[in-house]
Amino acid sequence: MDRELVLMLLSPLSTKKFEARNRFLRSATCLAAADDNSGVMSEAGISRIAELAAGGVGTVVSGFAYVSDEGKAVKKQWGLHHDGQIDNVRALSDAVHKHDAKLVVQIAHAGGQRFLETNTTRFSPSGLRHPGLNAPTNAMDESDIASVRQAFAEAALRAKEGGADAVQIHGGHGFLLTQFLSPLLNKREDQYGGSLENRSRFFFDLYHDVRNAVGESFPIWFKVSMREGVDDGYEASDGLFVCKSLLDLGADGIEISSGTPYANAQNIPSIIGVSAGESEAPFKDYALAIKKHASKDQIVTLTGGLRSLEVMSHLLTEGYCDLLGLSRPLIAEADLINRWYEEDARPAACISCNACSRTAEKGPIDCPVWRDKHEGNWDPL
């Protein structure tokens, strides 16, 4: 039976615009593997992503790339902020395609959520202090919004010209699009504030801008936090509205996530303590609601807390999603999919402790738990 489950999950996905060799997707993960000044991804970062493709994943989503200098969120983040980065995308695309996998480039703008030095300029919808960050932000005026919209469109075109197979706009996890959607952070009184439709408008405008830049045949995906996870934030019904509206506009894919870094431990995107069995797939019902609204050529990806073949095969056969997104399990085991293919059906080794996030300072990030277990490396992080 385990072999049947594996073969089901290894079945190909085929839509009008996108094909993948299996149903496993490496969800976007910032590797902290780029030059801090130029934003160029290092050879080590490219090799790490190539290792994932070689390890059996059918689709790889890059770590979030900032679309403009003021949109950079963290140190050593990859950048797609000027045309000189097209060659960097091409090197990444070639490395992934070499192993018969597809590359989706994720693009993002941090808005007020910049985990950098306090004197860094921060833009936000309303000029409020971002939760958890003791730093002021500048309220975006019409010219700022127009500039960011153009930056997203140009970055998406660079991804296409660099050989990527799709682009994903990061609309979750507390970054700029989340901030526009949030009634907690968005107090605007213009067309981008107030009602749910207005707070969602930035998503829709970006879709049109990017579509005009890349053309009709190039897939545009979004990643969305279905709920903000904080008091006075937006709820799942709002996230559902955004996702359904994006699909109605023509978006080619939605990746379901939830939460923000400033939420409590049970509402952050990388939930602590997930284990194989009952605690898996905490966002599955959100994905099912989106899947019921999507056409056969629109791809729904479920990410978050996936660990076992039994649960993932059930999600696929019962129509919850088209692709299954993994992040932390692939940090622990880059060859996890090949392990399953080779008939070792044990659940992912990841224990959902988030210790991997502590390694970003040295980068590229890894799993210190499994590194220490296999290599005997007990040096402090």
Side-chain angles (χ1 to χ4, degrees), residues 13-20 25 27-28 59 61-62 64-65 67 80 102-109 145-146 148-172 175-178 180-181 191-192 195-226 234 236-257 286-303 319-323 325:
L13 172 72
S14 180
T15 69
K16 288 182 179 178
K17 297 184 185 179
F18 190 87
E19 295 182 352
L25 173 143
S27 187
T59 303
V61 185
S62 70
F64 63 163
V67 299
L80 206 51
K102 297 298 178 68
L103 174 69
V104 179
V105 169
Q106 187 186 81
I107 54 177
H109 191 292
I145 291 174
V148 170
R149 287 174 56 182
Q150 181 178 356
F152 268 97
E154 292 175 351
L157 183 57
R158 292 176 192 121
K160 178 183 178 181
E161 292 179 344
D165 300 289
V167 66
Q168 184 184 73
I169 298 170
H170 198 341
F175 297 113
L176 184 60
L177 274 73
T178 306
F180 268 93
L181 185 57
Q191 63 178 336
Y192 289 104
S195 68
L196 173 58
E197 291 80 1
N198 282 355
R199 287 183 283 111
S200 306
R201 191 181 305 277
F202 199 64
F203 283 84
F204 309 149
D205 285 350
L206 282 185
Y207 171 75
H208 289 301
D209 294 336
V210 171
R211 177 59 72 205
N212 289 335
V214 301
E216 289 297 326
S217 63
F218 191 70
I220 300 173
W221 297 3
F222 280 80
K223 186 169 188 172
V224 179
S225 284
M226 289 295 291
Y234 71 87
S237 58
D238 301 334
L240 185 62
F241 169 80
V242 169
C243 292
K244 288 183 175 180
S245 299
L246 287 169
L247 292 174
D248 290 342
L249 287 174
D252 300 291
I254 301 289
E255 183 178 355
I256 302 301
S257 186
Y286 300 150
L288 181 61
I290 301 302
K291 179 62 179 167
K292 289 180 178 178
H293 190 79
S295 75
K296 62 181 179 63
D297 287 309
Q298 291 176 310
I299 299 168
V300 176
T301 301
L302 173 59
T303 295
Y320 282 81
C321 58
D322 303 292
L323 293 175

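Throughout, numbering of the chain's residues begins at 1 and tracks the sequence. As a basis for the values below, the full set of heavy atoms in this structure was taken, side chains included, without hydrogen atoms, waters or symmetry mates.
- The main-chain N or O of Q191 is found under 3.5 Å from a side-chain atom of R201 such that the two form a donor-acceptor pair.
- The backbone N or O of G172 sits less than 3.5 Å from a side-chain atom of H170, completing a donor-acceptor pair.
- Side-chain atoms of Y207 come within 3.5 Å of backbone N or O of G250 as a donor-acceptor pair.
- When all heavy atoms of S225 and Y234 are compared, the closest pair comes out as O-OH, 2.5 Å.
- Remark: Y320 OH to I256 CD1 distance equals 13.5 Å, nearest 0.5 Å.
- Using a 30° and 60° split on the angle between ring planes, F222 and F203 fall in the tilted class, from 30° to 60°.
- How far SG of C243 is from NE2 of H293: 10.0 Å, rounded to the nearest 0.5 Å.
- E255 places a side-chain heavy atom less than 4.5 Å from the side chain of L25.
- In terms of modelled atom types and a separation under 3.5 Å, the side chain of R211 and the main chain of F218 share a donor-acceptor contact.
- Across V300 and A287, no two heavy atoms sit closer than the pair CG1-O, 4.0 Å.
- D252 has no carboxylate O lying under 4.0 Å from a charged side-chain N of K16, or vice versa, which leaves the two without a salt bridge.
- Atom CD1 of I254 sits about 14.0 Å away from atom SG of C321, to the nearest 0.5 Å.
- Of the inter-residue distances, the one linking S14 atom OG with D297 atom CG reads 8.5 Å to the nearest 0.5 angstrom.
- Taking every heavy atom of both residues into account, A156 and V210 meet most closely at CB-CG1, 3.6 Å.
- One finds the OG1 atom of T301 at 4.0 Å from the CG atom of L323 (value rounded to the nearest 0.5 Å).
- Taking 4.5 Å as the limit, some side-chain heavy atom of H208 sits within range of a side-chain heavy atom of L249.
- Taking CZ of F202 as the reference point, atom CG of L181 lies at 12.0 Å (rounded to 0.5 Å).
- When all heavy atoms of A153 and A213 are compared, the closest pair comes out as O-CB, 3.6 Å.
- With hydrogens and angles disregarded, a donor-acceptor distance shorter than 3.5 Å links the side chain of K102 to the backbone of E19.
- For the pair D165 (side chain) and V104 (backbone), a donor-acceptor distance under 3.5 Å is absent.
- Between K244 and A289, the shortest heavy-atom contact is CE-O, 4.2 Å.
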For this session: Please lay out, stage by stage, how F64 and Q168 fare under the test side-chain contact (heavy atoms from CB on, under 4.5 Å).
Result: CA-CA 9 Å; F64 63 163; Q168 184 184 73; over 6 Å; no

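- Residue E197 qualifies as enclosed at atom CD: its count of foreign heavy atoms under 6.0 Å is above 12.
- For S62 (side chain) and Q106 (main-chain N/O), a donor-acceptor pair under 3.5 Å exists by modelled atom type.
- Between A65 and L80, the shortest heavy-atom contact is CB-CB, 3.9 Å.
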Exercise. Hey, mind stepping through K296 and T15 against side-chain contact (heavy atoms from CB on, under 4.5 Å) and telling me if it holds?
Worked result: CA-CA 7 Å; K296 62 181 179 63; T15 69; over 6 Å; no

For this session: Apply side-chain contact (heavy atoms from CB on, under 4.5 Å) to D209 and Q150, showing your working.
Result: CA-CA 7 Å; D209 294 336; Q150 181 178 356; over 6 Å; no

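- By the 4.5 Å heavy-atom criterion applied to side chains, F180 and L206 are not counted as neighbours.
- Between the K292 side chain and the G319 main chain, no donor and acceptor come within less than 3.5 Å of each other.
- Judged by distance alone, with hydrogens and angles left aside, the side-chain atoms of Q298 form a donor-acceptor pair with the main-chain N or O of L247 at under 3.5 Å.
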Problem set entry | F152 and I169: CA distance, side-chain angles, deciding distance, side-chain contact (heavy atoms from CB on, under 4.5 Å) verdict | CA-CA 8 Å; F152 268 97; I169 298 170; 4.0 Å; yes

